[in-house]
Amino acid sequence: MAKKRKKIIKNQKMSPAKYIIQKVRDLDYYECLINEEWEQSGLATVTVCKQMPSGKFIIGLYLIDVFCLGLKNTLYKFNSDKYDYKEFIKTAYSNSGNAIECDTVFVHNLIYGAIDYAEDIGFFPHKEFKITEYLLDPDLITDEINEIEFGKDGKPFFIEGPNDNSAQIINKLIKTVGEGNFNWMKSG
């Protein structure tokens with residue numbers, strides 16, 4: 001009679017993306033930051049940081065165009081120590097102004113509100129949001145979301161950035177909200 005072989009299952013490491021998708025919602029928020037001048041510029045740089053049981057951090061960065069395009073860019077950094085985190089913040093906010101602490105509920109309202117506003121006019125969140133959305137908790141959205149102004153002066157306001165396909169964006173705005181129902185300008 002042949003002996004039964006036990007299957008040996010190696011302790012496989014989870015990829016950072018899989019860890020974020022499966023486990024990060026259960027972690028506590030360490031800190032949320034936003035650039036100080038976001039309301040004037042229409043561009044919010046938001047950082048959401050959660051602490052892992054190991055003491056290391058998972059950082060989500062969200063570049064939000066509150067005037068028009070919603071979530072323009074997002075990325076995450078996995079397994080950072082405190083030094084890496086501070087360096088990441090220094091780099092992330094080097095062009096957008098001082099990083100200030102921000103209420104976790106407000107951050108959720110801002111991110112999800114900007115996404116909803118942009119989707120209503122035909123723009124969808126950056127593709128990496130399929131991962132970085134797990135750093136957020138949709139249950140934290142409150143009525144405060146209705147108090148945040150999206151658009152500018154009641155209309156979408158597209159400020160052309162260096163990596164934007166301006167013709168495509170303007171054509172989409174014409175199609176979704178109609179000519180004369182939005183404003184735009186070249187940046188810089």
Side-chain angles (χ1 to χ4, degrees), residues 11-118 123-142 144-145 147-148 150 159 161-164 187-188:
N11 188 8
Q12 296 178 343
K13 281 191 171 183
M14 215 181 270
S15 73
K18 193 170 187 176
Y19 183 94
I20 290 169
I21 291 168
Q22 291 183 1
K23 299 187 178 267
V24 81
R25 284 215 167 126
D26 295 331
L27 301 178
D28 290 333
Y29 287 98
Y30 175 75
E31 183 172 62
C32 294
L33 303 171
I34 192 167
N35 57 312
E36 202 168 28
E37 303 292 324
W38 71 271
E39 288 178 283
Q40 293 78 20
S41 70
L43 279 177
T45 301
V46 174
T47 305
V48 173
C49 182
K50 289 191 159 192
Q51 193 160 23
M52 300 166 64
S54 66
K56 299 241 176 151
F57 301 104
I58 300 173
I59 310 159
L61 184 71
Y62 307 82
L63 178 62
I64 305 159
D65 176 353
V66 296
F67 289 164
C68 185
L69 301 176
L71 184 60
K72 288 184 72 162
N73 202 346
T74 184
L75 58 90
Y76 64 90
K77 189 160 172 56
F78 186 78
N79 208 25
S80 295
D81 61 26
K82 262 195 178 172
Y83 176 79
D84 290 337
Y85 176 59
K86 287 179 182 182
E87 288 301 306
F88 180 85
I89 295 304
K90 192 185 318 181
T91 302
Y93 290 87
S94 64
N95 292 325
S96 62
N98 292 331
I100 57 172
E101 278 196 57
C102 188
D103 179 68
T104 305
V105 171
F106 176 77
V107 163
H108 283 74
N109 286 310
L110 182 67
I111 293 169
Y112 282 109
I115 290 170
D116 289 347
Y117 178 80
F123 302 102
F124 297 94
H126 187 271
K127 64 184 178 185
E128 285 296 308
F129 189 62
K130 69 181 185 269
I131 298 170
T132 62
E133 72 178 303
Y134 289 94
L135 283 153
L136 305 173
D137 181 355
D139 291 340
L140 292 178
I141 298 170
T142 65
E144 184 181 330
I145 198 168
E147 298 170 16
I148 302 170
F150 298 102
I159 301 173
N163 300 318
D164 291 326
S187 64

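Positions are given from 1, in the same order as the sequence printed here.
- Considering NZ of Lys50 and CG of Asp26, their distance stands at 8.0 Å, rounded to 0.5 Å.
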Tell me which donor-acceptor pairs under 3.5 Å the side chains of residues 52-62 have, and how far apart each pair is, sequence neighbours excluded?
| residue | atom | partner | partner atom | Å |
| --- | --- | --- | --- | --- |
| Ser54 | OG | Lys56 | N | 3.3 |
| Tyr62 | OH | Thr132 | O | 2.7 |

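- If you take CD1 on Ile115 and CG on Leu69, they are separated by 12.5 Å, rounding to the nearest 0.5 Å.
- Contact check for Leu136 versus Phe129: side-chain heavy atoms found under the 4.5 Å cut-off.
- Separating the CG atom in Asp116 from the CD1 atom in Ile145 is a distance of 5.5 Å, to the nearest 0.5 Å.
- Between Asp65 and Phe123 there is no side-chain heavy-atom pair separated by less than 4.5 Å.
- Of all non-hydrogen atoms in Ser80 and Tyr85, the two that sit nearest each other are CB-N, 4.3 Å.
- Considering only heavy atoms from C-beta on, Leu75 stays 4.5 Å or farther from Glu128 through its side chain.
- Between Thr47 and Tyr93 there is a side-chain heavy-atom pair separated by less than 4.5 Å.
- Listed by chain and number, the residues in a ring-ring contact (aromatic ring centres under 6.0 Å, His included) with His108 are Tyr29 (sequence neighbours excluded).
- The nearest pair of heavy atoms linking Ala118 to Cys68 is CB-O, 3.6 Å.
- Residues Phe67 and Tyr117 come closest through the heavy atom pair O-CE2, 3.8 Å.
- With sequence neighbours excluded, no residue satisfies salt bridge (charged side-chain N to carboxylate O under 4.0 Å, His left out) with Lys82.
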Which donor-acceptor pairs under 3.5 Å do side chains of residues 99-107 form with protein atoms, sequence neighbours excluded?
| residue | atom | partner | partner atom | Å |
| --- | --- | --- | --- | --- |
| Asp103 | OD2 | Val105 | N | 3.1 |
| Asp103 | OD2 | Phe106 | N | 3.0 |

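- What you find for Ile131 and Ile20 is that their closest heavy atoms are O-CG2, 3.6 Å.
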Which atom pairs, one a donor and one an acceptor, fall under 3.5 Å between side chains of residues 33-41 and the rest of the protein, sequence neighbours left out?
| residue | atom | partner | partner atom | Å |
| --- | --- | --- | --- | --- |
| Asn35 | OD1 | Thr45 | N | 2.7 |
| Asn35 | ND2 | Leu43 | O | 3.1 |
| Asn35 | ND2 | Ser96 | O | 3.2 |
| Glu36 | OE1 | Asn98 | ND2 | 3.4 |
| Ser41 | OG | Glu37 | O | 3.4 |
| Ser41 | OG | Leu43 | N | 3.1 |
| Ser41 | OG | Leu43 | O | 3.2 |

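- Between the side chain of Lys77 and the main chain of Phe88, no donor-acceptor pair closer than 3.5 Å is present.
- Every residue meeting the salt bridge (charged side-chain N to carboxylate O under 4.0 Å, His left out) condition with Lys72, not counting sequence neighbours, appears here in chain and number order: Asp164.
- A 4.5 Å side-chain heavy-atom check between Pro138 and Arg25 finds at least one atom pair inside the cut-off.
- Taking CD of Glu133 as the start and CD1 of Ile111 as the end, the distance is 11.5 Å to the nearest 0.5 Å.
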